[in-house]
Amino acid sequence: MNVNEITAGLNDEQKEAVLQTEGPVLILAGAGSGKTRVLVHRISYLVNVLDVMPSQILAITFTNKAADEMRNRVDNMIGFGASQIWVMTFHSCCVRILRRHAELLGYDRYFTIYDTDDSLQIMKEIFRRKNVDTKRIKERAVLHAISSAKNEHVSPAQFARMNSHDYWGGLVSDFYEEYQKQLKENNAMDFDDLLVNAVELFDKHPDVLELYQERFLYMMVDEYQDTNTVQFEFVSRLAARHRNLCVVGDDDQSIYKFRGANIRNILNFEQIFPDAKVVRLEQNYRSTSNILDAANEVIRNNRGRKSKKLWTEKGSGEKVRFRRFQTGFDEAEYVAAEIGRMVRSGERNYKDFAVLYRTNAQSRLFEEKCLFLNIPYKLVGGVNFYARREIKDILAYLKTIDNAVDSLASMRIVNIPKRGIGQTTVNKISAYAQDAGMSFYDAAKEAEQIPGLSKATAKKVGTFTGFIEELRNEALHQTVSELVRTVVIDSGYKDALEAEDTDEARERMQNIDELISKAVQYETNADHPTLSGFLEEVALIADIDTVDDGDDRVLLMTLHSAKGLEFPIVYMAGMEEGLFPSSMSLNAEDSDEQIEEERRLCYVGITRAKELLTLTCAYERMTRGQIEPHSVSRFVREIARDKLDQGRKAPAKSTIDNLKGGFGKDMRDAIQTKAFAPKPPSKMFTNPYTSSNSNSRTDAHTKTGPRIYDGTSTKQTGSTNEMLGYEVGDSVIHKKFGVGTVKAIREGGRDFEVTVDFPAWGVKKMFAAFAKLEKVEE
DNA sequence: CACAGGTCTCTTTTT
DNA sequence: GAGACCTGTG
């Protein structure tokens, strides 16, 4: 490949960014300006034209998904040798380096990586030991303070020097030190430590730093606006020698301040590197001009930006739509129904759509409506797969096998499944371990010597440690996936779950099966699969990384998760003051700054859309179980009225009225479901775009179209239909099991026990209030 | 020691 | 509304 081939199809600025390989380079890449493309072509140019060895190139991204995508495109473009290029996230890059040199920092190479939940457990233990009243001081607040310190690369000692003058500062210094001590004893690092320790390694061992400085002739950092101070230090130390550092970012898309991102890294790049070349990519290849205009109108309300004006050659496209609904239910219903309609009409696939919102809590409404309308979706974020209890349990076994020093892991599983080892026993072992300066697991191995433990108890503990020792032997000649299977079966975990015989237990078992497939996947992909390697990959995975672009489904996710992605059709939901921008930002002391960050988030959201963008909001929304009125987000108002397609105004109808009338809570719940369910057209909030019900009624494609709630049925008395909205013989939909037929309804106390036959799951008995079944028309 | 039932707290965003 | 934590009982 020659230069012309590599730069073919690039615009002048993109070409410049590709060819400007020497020295510091700042690429200010507006949304949708083709920055990934530039980076990929730049790497190709380095390798194919300048004959740089692939192993001398380091490209850093924030998410695994971004790294994978870049890796694939690089592979396709340069082929042989591409795998030698380090395309990694900050965290995985640091881990890779730290594994190799962990001993120099007093860790061993099998160190474990703690997630936020693990950190919280450690902090809780410290609170207990120090007898701190958790009502007055929150563990999470302390952890947050520690994390901020780490992001600024402030050590416990430095922190103490700077902050010990007041009570809070003194307390945090104290806990910071203790927390670090605890982690080190467990041979564990948290997310922030990975960066901090990598930088520490470089600072304390110049020879190691030199090794990597020599190696990486060319470095590229993506999403530079979201780097924090340690990340900056990491990068700048590595690049100090050859100074071929190319950073790509957009200050308008800086949305991770809460995580320590330091926007000055990008704003001051030219001060830090006075000889930096600056390239601006301002042509947008993603969105129509209407969408781009809306984005520009919103973001221009921020101050202190790098001057930048995105433009496009694309046509104007459709106007940005704005729709306001009575409730969040109506909003979700509208969105889901419209998606369903557009897919059924054949103009779109499900994967063309994304629904973006500010908070994860909003996802439930959309999930429910999608299920209801049989729309395939993938929910990104929320509870991470790897944070689920059963997964953490199994991983704790693996961690104990791999790194017996990780006391958090061994304490977690010593009585899982139940072995008759209670809290008292755990405390005694733990105290013994503390005194002897050993790990929990090592102390457990000496159970019979621990004072206060009965013979019988010591024997139970011995069974546990014996089992772990067996597993260690197995680990020597079993693959990771085999080992997971062995753990699940031999520990009795599987039997315990099966004995429970509940839906929840079955779901947990399914998750474990999924973990096994992930292990298999890891074994096939990794060059040298190891247990540590698997644990590491699993620890650093983000939910967005699991999105497969090939699947045909709607994506539901937060605005934060959507960064870096694009979709033909985007819905931004919950455009309301107090939700977006969040009330937190409105009430904060540095409110102005925080609102600017929210505005950048809004900008990110708008610029995800290629063809059609719909902003939605609700008059009233249920928060904390309470319905509260909401006004339209300032961000919507910042877009000139004539640029918005506002649909047709509809009369407001308060759902609160529907709830009045002295019902008990159960009754109210039952009614509430109905009140929010699709209503007959005559009663409905009518907007030309929400009339999905009348459409789907005649739509032959819909096998399980939306239920048309018959308002007259409330006039009947005493029937289950009135109470539940369905009766024996009806088809109902369940959140998890899908559509099934009601076989029986039995009144039991305050609730109904409903028997439903689900074709895919068999016959289930469930309580109506809990199962939230909804009738579907056949 | 295990479990059930009640109480309290918290919801911004995440590698 | 959901999850963690506490408390009392078997």
Side-chain angles (χ1 to χ4, degrees), chain A residues 60-67 88-95 113-117 119-121 124 127-128 134-135 138-141 144 147 150-151 189-195 223 226-228 230-231 254-261 356-365 380-384 386-387 389 415-427 454 456-457 460 536 539-545 557-563 574 578-588 594 597-598 600-602 604-605 622-627 665 669 672 769-770 772:
Chain A
I60 299 180
T61 63
F62 270 83
T63 64
N64 293 294
K65 186 173 194 297
M88 295 186 164
T89 66
F90 268 108
H91 291 88
S92 55
C93 180
C94 289
V95 173
I113 300 166
Y114 278 180
D115 64 18
T116 22
D117 186 59
S119 299
L120 188 64
Q121 298 309 318
K124 281 186 177 157
F127 268 58
R128 268 192 291 275
T134 52
K135 292 229 167 61
K138 297 270 163 287
E139 294 96 332
R140 314 188 72 178
H144 186 256
S147 175
K150 288 182 179 178
N151 287 330
M189 300 186 194
D190 65 18
F191 289 133
D192 303 319
D193 284 336
L194 298 176
L195 265 305
E223 306 283 11
D226 285 325
T227 51
N228 61 35
V230 228
Q231 286 164 336
S254 168
I255 56 172
Y256 281 108
K257 188 173 180 203
F258 71 93
R259 211 167 70 186
L356 311 181
Y357 36 78
R358 181 64 180 77
T359 66
N360 280 309
Q362 288 167 260
S363 67
R364 244 197 53 222
L365 294 173
V380 179
V383 189
N384 192 319
Y386 293 100
R389 197 210 304 165
N415 195 33
I416 291 179
K418 307 238 176 312
R419 296 185 178 88
I421 302 169
Q423 197 54 49
T424 344
T425 310
V426 171
N427 289 345
S454 71
T457 314
K460 290 179 198 162
E536 171 184 318
L540 295 177
I541 217 138
D543 209 35
I544 188 73
D545 302 333
M557 63 186 143
T558 61
L559 289 151
H560 281 88
S561 297
K563 196 180 67 161
L579 185 59
F580 188 35
S582 75
S583 52
M584 293 284 233
S585 66
L586 296 175
N587 301 330
Q594 293 208 18
E597 174 129 330
E598 299 272 315
R600 289 193 291 270
L601 188 57
C602 184
V604 167
M622 182 110 72
T623 3
R624 258 179 290 163
Q626 292 240 297
I627 298 176
K665 186 183 178 304
D669 281 350
Q672 206 164 1
F770 178 72
K772 302 212 180 81

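Quick note on labels: first sequence line is chain A, next is B, and so on, each numbered from 1. Atom set for the values below is all heavy atoms of this structure, side chains included, hydrogens, waters and symmetry mates excluded.
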(message) Pick the closest DNA chain B nucleotide for Leu540(A) and for Ile421(A) by heavy atoms, then say which residue is nearer the 5' end.
(response) Ile421(A)
(request) Please step through salt bridge (charged side-chain N to carboxylate O under 4.0 Å, His left out) for the pair Arg259(A) and Asp226(A), ending with a clear verdict. (result) CA-CA 9 Å; Arg259(A) 211 167 70 186; Asp226(A) 285 325; over 6 Å; no
(request) Nearest whole angstrom, please: distance from the C1' of dG3(C) to the CG of Asn360(A). (result) 15 Å
(request) Check for a donor-acceptor pair, side chain of Asp193(A) on one end and backbone N or O of Asp190(A) on the other, with a separation under 3.5 Å. (result) yes
(message) What's the closest nucleotide to the side chain of Thr424(A) if the choices are dC1(B), dC5(C), dT13(B)?
(response) dC1(B)
(request) Would you tell me if any nitrogen or oxygen in the side chain of Thr558(A) comes within less than 4.0 Å of OP1 or OP2 on dT14(B)? (result) yes
(request) Using the P atoms only, state how far dT13(B) lies from dA4(C), rounded to an integer number of Å. (result) 16 Å
(request) May I ask you to say what Asn415(A) touches in the nucleic acid, namely base, sugar-phosphate or nothing, with a heavy-atom cut-off under 4.0 Å? (result) sugar-phosphate
(request) Decide yes or no on ring pair (Phe, Tyr, Trp, His ring centres under 6.0 Å) for His560(A) and Phe258(A), but give the supporting numbers first. (result) CA-CA 12 Å; His560(A) 281 88; Phe258(A) 71 93; 5.6 Å; yes
(message) Over all strands shown, is Arg389(A) touching base, sugar-phosphate only, or nothing at heavy-atom distances under 4.0 angstrom?
(response) nothing
(request) Grab the CE-C1' distance between Met622(A) and dG1(C) for me, whole Å please. (result) 9 Å
(message) In this structure, how many angstroms lie between the P atom of dT14(B) and the CZ atom of Phe191(A), rounded?
(response) 13 Å
(message) If we ignore hydrogens and angles and just use 3.5 Å, is the side chain of Asn415(A) paired with the main-chain N or O of Ile421(A) as donor and acceptor?
(response) yes
(request) Look at the side chain of Arg364(A) and decide which nucleotide, out of dT13(B), dG1(C), dT15(B), has an atom nearest to it. (result) dG1(C)
(request) Quickly work out the Leu365(A) CG to dT11(B) P distance and round it to whole Å. (result) 20 Å
(message) Using OP1 and OP2 only, check whether a side-chain N or O of Asn228(A) sits under 4.0 Å from dT15(B).
(response) no
(message) Rounding to an integer number of Å, can you tell me how far Lys65(A) NZ sits from dT14(B) P?
(response) 16 Å
(request) Looking only at non-hydrogen atoms, find the nearest pair between Leu194(A) and Cys94(A) and report the distance. (result) O-CB, 3.5 Å
(request) Map Glu598(A) and Thr89(A) onto DNA chain B by nearest heavy atom, then report which one ends up closer to the 5' terminus. (result) Glu598(A)
(message) Can you confirm whether the side chains of Ser119(A) and Thr116(A) place a donor and an acceptor under 3.5 Å from each other?
(response) no
(request) Compare side-chain N and O positions of Thr425(A) against OP1 and OP2 of dC1(B) and report whether any pair is under 4.0 Å apart. (result) yes
(message) Donor-acceptor check, side chain of Ser582(A) to backbone of Leu579(A), threshold 3.5 angstrom: yes or no?
(response) no
(request) Please report, rounded to the nearest Å, how far the C1' atom of dA4(C) is from the CD atom of Glu139(A). (result) 11 Å
(message) Mind checking if Asn64(A) touches a base, just sugar-phosphate, or nothing, with heavy atoms under 4.0 Å?
(response) nothing
(request) Could you tell me whether Lys138(A) contacts a base, only the sugar-phosphate backbone, or nothing, with contacts defined as non-hydrogen atoms closer than 4.0 Å? (result) sugar-phosphate
(request) Look at all strands and tell whether Ser583(A) reaches a base, only sugar-phosphate, or nothing, counting heavy atoms closer than 4.0 Å. (result) nothing
(request) With the side chain of Lys418(A) defined as its heavy atoms from C-beta on, choose the nearest nucleotide among dA2(B), dT15(B), dT14(B). (result) dA2(B)
(request) Kindly point out which of dT11(B), dT14(B), dA4(C) is positioned nearest to the side chain of Arg140(A)? (result) dT11(B)
(message) Nearest whole Å is fine: how far is dT11(B) P from Asn587(A) CG?
(response) 15 Å
(message) Without decimals, in angstroms, what is the distance between Glu597(A) CD and dT13(B) C1'?
(response) 9 Å
(request) Compare the ring of Phe90(A) with the six-membered ring in the base of dT15(B) and state whether they stack (centres under 5.5 Å, planes under 30°). (result) no
(request) Verify the contact: side-chain N or O of Thr116(A) to OP1 or OP2 of dT14(B), cut-off strictly under 4.0 Å; return yes or no. (result) no
(request) Would you indicate, yes or no, if dT14(B) has its OP1 or OP2 atom less than 4.0 angstrom from a side-chain nitrogen or oxygen of Ser561(A)? (result) yes
(request) Answer with base, sugar-phosphate or nothing: what part of the nucleic acid does Lys563(A) contact at a heavy-atom distance below 4.0 Å? (result) nothing
(request) Describe the nucleic acid contact of Phe258(A) in one word from base, sugar-phosphate, nothing, applying a heavy-atom distance below 4.0 Å. (result) base
(request) Check whether any side-chain nitrogen or oxygen of Lys257(A) sits under 4.0 Å from OP1 or OP2 of dT13(B), and answer yes or no. (result) no
